[in-house]
Amino acid sequence: MKKVGYNQTIGKGNTVNNIRKVYPNSIVVEYYFGGTKKYSGMDWSSLKLVYEKKGSTWYLVGIVHDEWTI
């Protein structure tokens, strides 16, 4: 299952997500890959792109990778 989130968290693991603390005025786009049936979805991963506006232009300021962890 693939999903795209706009300012919403889709993939949730046991690591701390501090994107909003580090980039409080940002837009976050998450590309979520739900994993496979073979591993019961425990091989999910996400790529999060973080954007901030400077003047009238949006800039990519962060790239965050997230995945299932023990």
Side-chain angles (χ1 to χ4, degrees):
M1 165 181 24
K2 297 177 184 176
K3 293 182 180 179
V4 177
Y6 180 83
N7 281 338
Q8 74 178 76
T9 301
I10 300 170
K12 296 179 184 175
N14 60 359
T15 56
V16 175
N17 181 345
N18 63 352
I19 293 173
R20 290 287 169 212
K21 287 183 182 178
V22 177
Y23 304 104
N25 300 313
S26 66
I27 289 175
V28 180
V29 180
E30 178 177 357
Y31 297 93
Y32 172 81
F33 305 92
T36 62
K37 288 183 182 181
K38 179 178 178 179
Y39 296 109
S40 301
M42 290 191 290
D43 54 341
W44 69 268
S45 63
S46 287
L47 176 66
K48 299 174 185 179
L49 303 178
V50 184
Y51 297 90
E52 283 190 333
K53 192 173 186 179
K54 305 285 185 194
S56 61
T57 305
W58 287 92
Y59 292 94
L60 178 65
V61 294
I63 301 172
V64 179
H65 173 263
D66 203 359
E67 64 184 22
W68 185 87
T69 58
I70 294 176

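Keep in mind the model is a prediction, meaning the values are calculated, not measured. Keep in mind that the numbers below use all heavy atoms, side chains included, and drop hydrogens, waters and symmetry copies.
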Quiz item: Under the salt bridge (Lys or Arg N to Asp or Glu O under 4.0 Å) test, which residues partner Glu52, sequence neighbours left out?
Solution: Lys54

Quiz item: In the hydrophobic clustering that connects Ile, Leu, Val, Met, Phe, Trp and Tyr at side-chain heavy-atom distances below 4.5 Å, which members other than Tyr39 occupy its cluster, ordered by chain and number?
Solution: none

Self-check item: Any residue meeting side-chain contact (heavy atoms from CB on, under 4.5 Å) with Thr15, in chain and number order, not counting sequence neighbours
Solution: Asp66, Thr69

Exercise. Measure the shortest side-chain to side-chain distance between Val28 and Arg20 over non-hydrogen atoms and say whether it is less than 4.5 angstrom.
Key: yes

Quiz item: Val50 and Ser26: which non-hydrogen atoms are nearest, and at how many Å?
Solution: CG1-CB, 3.6 Å

Practice problem: Decide side chain to side chain contact (heavy atoms under 4.5 Å, CB included) for Ile10 and Lys2; before the verdict, give the C-alpha distance in whole Å, the side-chain angles of both, and the deciding distance to 0.1 Å. | Solution: CA-CA 10 Å; Ile10 300 170; Lys2 297 177 184 176; over 6 Å; no

Self-check item: Pair listing, side-chain hydrogen bond (donor to acceptor under 3.5 Å, both in side chains) test, anchored in residues 40-49, at least two apart
Solution: Glu30-Ser46, Thr36-Asp43

Quiz prompt | Connected hydrophobic set around Leu49, excluding itself, where side chains approach under 4.5 Å | solution = Val4, Tyr6, Ile27, Val29, Tyr31, Phe33, Leu47, Tyr51, Trp58, Leu60, Ile63

Exercise. Only counting residues at least two apart or in another chain, list the ones meeting side-chain hydrogen bond (donor to acceptor under 3.5 Å, both in side chains) with Asn18.
Key: none

